[in-house]
Amino acid sequence: MGEAMHPAVTYLIYMASALAMLGVFTAVYTAVTRYPEFELIHEGNIAAALSYGGALVGFSLTLGSSIALHASFVMFLVWGLAAMLVQIVVYVVVAQAIRGMNDAIRENNIAMGGLIGSISIAAGIVNAACLT
């Protein structure tokens, strides 16, 4: 961002960009998973909410860390894309490692949703910490 830019403008640019990245993340992540998160959540499926919520929080942790630690807007965008990739890879690896995971989420297995969400948050914490 420019040297003469007012801090409020910088704030608004980062906030708008982060919210846009959250939207892109949601679109990409829900396209990759093998169950319709929002349809299931609308029906009251807690497992889907925990799984998606964990991925969203994990992604957001890296976004927040990137904003706090990097003055460069370009690096913020790069780390945001990397965070998105990490969350998608975590989903794919966990889905391969835990047989029946997707069906368990569809069937509202709350324990499975909590596990997947927690793994996503853990990956986000580690990813955010790596941005030092």
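The model shown is predicted, which means the values in this text are computed figures rather than measured ones.
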Not counting sequence neighbours, which residues clear side-chain hydrogen bond (donor to acceptor under 3.5 Å, both in side chains) with Ser65? List them please. none
Holding to side-chain contact (heavy atoms from CB on, under 4.5 Å), I want the full list of residues that pass it with Ile121, two or more places apart in sequence or in another chain. Val57, Leu61, Ile125
Quick note, salt bridge (Lys or Arg N to Asp or Glu O under 4.0 Å) partners involving residues 77-105, not counting sequence neighbours, are Asp103-Arg106
Partner set under side-chain hydrogen bond (donor to acceptor under 3.5 Å, both in side chains) for Ser120, not counting sequence neighbours: none
Excluding sequence neighbours, so at least two apart, what forms side-chain hydrogen bond (donor to acceptor under 3.5 Å, both in side chains) with Thr26? Tyr52
Taking ring-ring contact (aromatic ring centres under 6.0 Å, His included) as the test, write out the residues that go with Phe25, two or more places apart. Tyr29, Phe59
Of all residues at least two apart in sequence or in a different chain, which pass the side-chain contact (heavy atoms from CB on, under 4.5 Å) check with Leu19? Met15, Leu22
Residues which pass ring-ring contact (aromatic ring centres under 6.0 Å, His included) with Tyr11, listed by chain and number, not counting sequence neighbours: none
Under the rule for side-chain contact (heavy atoms from CB on, under 4.5 Å), what residues qualify as partners of Leu77, not counting sequence neighbours? Met21, Phe73
Would you say the side chain of Ile98 lies within less than 4.5 Å of the side chain of Ile116, judging by non-hydrogen atoms? yes
How would you list, by chain and number, every residue that makes a side-chain contact (heavy atoms from CB on, under 4.5 Å) with Leu50, sequence neighbours excluded? Ile46, Ile110
Could you tell me which residues satisfy side-chain hydrogen bond (donor to acceptor under 3.5 Å, both in side chains) with Asn109, sequence neighbours excluded, listed by chain and number? none
With sequence neighbours excluded, give me every ring pair (Phe, Tyr, Trp, His ring centres under 6.0 Å) pair touching residues 112-132. none
